[in-house]
K.L.:
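The structure's right below; bear with me while I get my questions together.
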Amino acid sequence: MQKIKDFIVNSRVWRSFFRHGWPDNPLDRSLVMTTNIFFHLHPVKVSRKSLRWSYSFGLGIIAAIVFTVLTVTGILLMFYYAPTVERAYTYINTLQSQVPFGQLLRNMHRWGAHLMVIVVVFHMARVFYTGAYKPPREFNWVVGVILLLMTLGASFTGYLLPWDQLAYWAITVGTSVAGYAPGLGPTAKATLLGGPEVGQEALTRFYALHIMVIPAAIALITALHIWRVRKDGGLAAQDAEEEGETNG
Amino acid sequence: MAENKSTISRRQFLGIAWTGSLALFFAQMMVALLKFIKPVTSGGFGGLVYAGKIEEFAIGSINRILKGRFYISRTEDGIIALWQKCTHLGCAVPWVEEEGQFHCPCHGSLFNKVGEVLGGPAPRPLDYFPSEIRSGEVWVDTSQPIQRKKFDPSQITGA
Amino acid sequence: MAKKTPQPESFSPETAPTKTYSLVELVKAPTTMADRGPDNTIFAFPAVALIELLLTLGVIVVLLGMSLAVNAPLEEIANPNTTTDPAKAPWYFMGLQEMLEHGHPTLMAVALPTLMVLFVIAIPYLDNDHRGSGVWFTSARGKRITLLTALYALIVMPIYIVVDTKYPLREILRGQFPDFLLQTVIPGLLISVIVLLPLLILLRSKPTSREIVLVMFTMLFVSAIVFTLAGFLFRGPGFELYWPWNMPGGYSPWDNL
Ligand code: HEM
Ligand code: FES
């Protein structure tokens with residue numbers, strides 16, 4: 001057994017994937033972070049205090065996780081959906097009544113979307129109340145606000161897709177609000193809807209925004225956001241610790 | 001280089017030229033994008049809609065024409081085709097016979113028979129469509145809803 | 001500069017030093033870990049990886065549980081000719097829709113929310129004092145200020161919503177004054193006074209910039225929650241105020257999720 005394991009782990013193929021040994025010593029534990037694309041967003045070492053649950057409640061990470069779940073369930077939903085006024089509603093009905101686990105999948109996507117809005121809002125509140133937006137993290141706060149707005153945008157554009165009464169009137173009311181912005185408002189509204197009313201053009205545009213434009217932007221900007229967390233010196237809890245000690 | 005009269009060097013000039021053309025190119029792309037995403041449908045849900053014969057609309061009555069999404073309101077002077085879309089946030093406004101007014105279910109805007117606001121948050125009277133009476137037949141052009149600040153008798157098509 | 005290490009007379013593998021590094025210089029400057037680092041930090045692997053794995057499992061379990069318990073709503077197919085009663089935006093925009101009940105749309109749904117977003121973006125530039133970063137509420141005083149402001153918003157905002165709905169100045173005085181005054185100027189002033197009042201009180205006691213943004217953010221955040229809940233839970237048919245458990249016509253706000 002051990003021999004087979006050693007053979008695999010020492011083979012050139014395996015070594016070409018992973019350039020470090022099993023991470024049970026400081027060197028390999030550093031290498032696992034710096035040589036793995038998924039881990040490299042993390043620092044090699046973290047302060048104990050920033051890991052403390054009562055500091056961050058893990059809300060930022062939870063937001064990223066919910067986003068990932070939404071991406072997976074969303075892609076699966078696309079297998080049984082098309083954005084046309086005649087058929088969108090029927091597709092959703094079929095998904096719920098005929099497709100195995102279809103209803104479950106739709107539920108997860110919908111509740112996940114609501115959850116993500118809540119989690120992101122609470123994440124913002126915790127960042128604010130811990131004063132973690134202060135220098136040098138100003139820019140990351142601005143990035144965060146953009147992420148919040150985009151999260152709302154993703155939820156809102158998805159809301160229209162089932163094309164039921166709830167969707168139709170929610171989007172009618174929601175987009176009418178945009179029309180009241182002085183100057184650009186009416187144009188912005190018409191551009192979003194692709195016409196004077198919520199109709200086929202609106203459904204097409206919302207679909208494109210919902211499945212591609214906004215998620216791609218969120219993914220990119222989240223990468224920037226988390227990378228900045230590291231470049232700004234990790235979580236702010238760490239700074240507080242250093243200050244606390246130098247002050248006595 | 002000392003006898004070079006121009007104040008900007010060749011390198012600077014090329015830098016400016018490149019940056020400038022790139023900026024210009026980018027601006028063009030943005031304009032093209034804006035033009036591209038501008039809606040192409042000019043409005044409305046269909047051109048001319050036949051509403052019915054003028055005798056079918058009794059004086060003082062309100063009739064809903066579902067396929068054109070408007071109401072024909074007949075007054076002493078003639079008719080006006082009111083778009084059913086609430087001017088507040090776009091709900092479809094039903095005519096409530098018992099109250100003798102349009103009553104929006106969404107935030108309770110009230111409109112009278114010619115679309116004037118009687119109450120609620122709506123900021124302007126109901127929009128209307130141009131209508132025409134040709135040999136007793138009422139035709140409504142639903143492609144261009146008309147917004148108005150207030151009701152004026154000229155908005156009525158005489159009958 | 002480091003001193004040159006004395007060369008051994010004859011250089012051979014046996015005599016070559018096993019130590020391949022040397023201390024070159026000591027510098028007095030902040031380093032990440034000088035003096036104390038190692039005790040306060042731990043390797044991110046496997047601790048953080050495990051935390052993330054657990055959180056992932058937790059999120060999936062919670063979502064699965066919710067999805068098994070409650071089905072996502074699906075009403076009849078969209079019909080542009082009949083509006084549902086009430087017609088509500090998604091819940092996270094119900095705060096906006098509730099605002100719309102209290103004044104002109106340009107003020108309530110555009111101007112004020114835009115100001116709010118701009119304020120939120122500007123927070124780190126309004127309060128750029130690095131001290132107190134990474135500590136909840138920064139100080140005991142900060143915590144008290146936050147709690148008092150939250151309490152104030154929790155009491156005043158519901159009262160404003162109820163009173164303004166029951167006795168809407170705009171409707172009572174309709175036609176007697178210009179619409180602009182009734183729909184925009186008066187509600188705008190009223191809201192501004194309510195929102196800025198805690199700040200004005202605070203300003204009398206020489207606050208730090210952190211305390212100023214604490215008051216403003218708390219005020220706006222709690223108000224946004226109050227308005228969202230009012231619109232989402234307490235508005236029923238005809239967009240009238242009801243108790244959520246006592247809606248007429250078999251309507252339940254939860255159907256709108
Ligand atoms: C899609 C939404 C978002 C995702 C996925 C996300 C992700 C994260 C993650 C993973 C962290 C690490 C710390 C933690 O878990 O709390 C973090 C920290 C941070 N986030 Fe976000 N975030 C999002 C939205 C926001 C918003 C809306 C804001 C503020 C307006 C914000 C501002 C910050 C700041 C300033 C930090 C550094 C906190 C500190 O140093 O203590 N983020 N974010
Ligand atoms: S949409 Fe008609 S009153 Fe708001």
K.L.:
Under 4.5 Å heavy-atom distance to chain A, tell me which part of C:Phe43 shows up: side chain, backbone, both or neither.
P.N.:
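C:Phe43 touches chain A through backbone and side-chain heavy atoms alike.
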K.L.:
Looking only at non-hydrogen atoms, find the nearest pair between A:Leu166 and C:Pro73 and report the distance.
P.N.:
CD2-CG, 4.1 Å
K.L.:
Compare every heavy atom of A:Val177 with every heavy atom of C:Ala109, then report the nearest pair and how far apart it is.
P.N.:
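Smallest heavy-atom distance, with atoms named: CB-CG1, 3.3 Å.
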K.L.:
Using a 6.0 Å cut-off, check whether atom OH of C:Tyr152 has over 12 heavy atoms from anything other than its own residue.
P.N.:
yes
K.L.:
Between the side chain of A:Trp111 and the main-chain N/O of C:Val70, is any donor-acceptor distance below 3.5 Å?
P.N.:
yes
K.L.:
Please rank A:Val32, A:Thr172, A:Leu105 by heavy-atom pairs under 4.5 Å with chain C and give me the top one.
P.N.:
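Among A:Val32, A:Thr172, A:Leu105, the one with the most close pairs to chain C is A:Val32.
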K.L.:
Can you tell me if A:Arg87 has over 12 outside heavy atoms packed within less than 6.0 Å of its CZ?
P.N.:
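Result for CZ/A:Arg87: open.
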K.L.:
Does A:Glu138 reach the side chain of C:Ile123, with side-chain heavy atoms less than 4.5 Å apart?
P.N.:
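A side-chain contact under 4.5 Å is absent here.
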K.L.:
Please check this pair: side chain of A:Arg106 against backbone of C:Asn71, looking for a donor-acceptor N/O pair closer than 3.5 Å.
P.N.:
no
K.L.:
Counting only N and O atoms by type, is there a donor-acceptor contact under 3.5 Å from the side chain of A:Trp169 to the main-chain atoms of C:Ala89?
P.N.:
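No; judged by distance alone, with no hydrogens or angles, the pair does not exist.
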K.L.:
Which bit of C:Thr218 comes within less than 4.5 Å of chain A, counting heavy atoms only: side chain, backbone, both or neither?
P.N.:
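Both parts, backbone and side chain.
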K.L.:
Is there a donor-acceptor pair under 3.5 Å between the side chain of C:Gln97 and the backbone N or O of A:Gly174?
P.N.:
no
K.L.:
Let me see the working for A:Trp141 and C:Ile121 under side chain to side chain contact (heavy atoms under 4.5 Å, CB included), right down to the final yes or no.
P.N.:
CA-CA 7 Å; A:Trp141 169 268; C:Ile121 291 182; 5.5 Å; no
K.L.:
Restricting to non-hydrogen atoms, name the atom on A:Gly131 and the atom on C:Ser133 that form the minimum distance, rounded to 0.1 Å.
P.N.:
O-OG, 3.2 Å
K.L.:
Set out, in order, the CA-CA distance, both residues' side-chain angles and the distance that settles side chain to side chain contact (heavy atoms under 4.5 Å, CB included) for A:Phe128 and C:Val120, then state yes or no.
P.N.:
CA-CA 10 Å; A:Phe128 175 79; C:Val120 171; over 6 Å; no
K.L.:
Between CD1 of A:Ile61 and CG of C:Leu54, what distance do you get to the nearest 0.5 Å?
P.N.:
11.5 Å
K.L.:
Can you tell me if C:Tyr92 uses its side chain to pair, donor with acceptor, with the backbone of A:Ser155 under 3.5 Å?
P.N.:
yes
K.L.:
Parallel, tilted or perpendicular for C:Phe137 and A:Tyr129, by the 30°/60° rule?
P.N.:
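Ring orientation, 0 to 90° scale: tilted.
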K.L.:
So which part of A:Met33 gets closer than 4.5 Å to some heavy atom of chain C, the side chain, the backbone, both or neither?
P.N.:
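For A:Met33, the side chain is the part near chain C, not the backbone.
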K.L.:
Of all the heavy-atom pairs spanning A:Phe57 and C:Trp136, show the shortest one and how long it is.
P.N.:
CE1-CZ2, 3.6 Å
K.L.:
What are the two closest non-hydrogen atoms of A:Pro135 and C:His130, and how far apart are they?
P.N.:
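Here A:Pro135 and C:His130 meet closest at O-ND1, 2.5 Å.
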K.L.:
What distance do C:Thr56 atom OG1 and A:Ile65 atom CD1 have between them, rounded to the nearest 0.5 Å?
P.N.:
3.5 Å
K.L.:
At a 4.5 Å cut-off on heavy atoms, which part of A:Leu104 comes close to chain C: side chain, backbone, both, or neither?
P.N.:
both
K.L.:
Is a side-chain donor or acceptor of A:Tyr133 paired with a backbone partner of C:Tyr125 at a separation under 3.5 angstrom?
P.N.:
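Looks like no, no N/O pair under 3.5 Å.
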K.L.:
Under a 4.0 Å N-O cut-off, is there an ion pair linking A:Lys134 with C:Asp127?
P.N.:
yes
K.L.:
With under 30° as parallel and over 60° as perpendicular, where do the rings of C:Phe93 and A:Phe156 fit, or are they tilted in between?
P.N.:
perpendicular
K.L.:
Rounded to the nearest 0.5 Å, what's the gap from OG1 on A:Thr90 to CD1 on C:Ile77? Could you check?
P.N.:
5.5 Å
K.L.:
For the candidates A:Asp28, A:Val117, A:Val69, which exhibits the highest count of non-hydrogen atom pairs separated by less than 4.5 Å from chain C?
P.N.:
A:Val117
K.L.:
Examine distances only and state if a side-chain atom of A:His114 and a backbone atom of C:Leu257 form a donor-acceptor pair shorter than 3.5 Å.
P.N.:
yes
K.L.:
If you count the non-hydrogen atoms of other residues, nucleotides and ligands that lie under 6.0 Å from CG in A:Leu27, is the total more than 12?
P.N.:
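Counting other residues, nucleotides and ligands, CG of A:Leu27 exceeds 12 neighbours.
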K.L.:
Has C:Glu76 got a side-chain atom pairing as donor or acceptor with A:Asp164's backbone, closer than 3.5 angstrom?
P.N.:
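Flag not set: sc C:Glu76 to bb A:Asp164 has no pair under 3.5 Å.
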K.L.:
List the atom of C:Leu55, the atom of A:Gly58, and the distance in Å for their closest heavy-atom pair.
P.N.:
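Taking every non-hydrogen atom into account, CD1-O, 4.3 Å.
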K.L.:
Side chains of C:Thr84 and A:Tyr168: donor-acceptor distance under 3.5 Å anywhere?
P.N.:
no
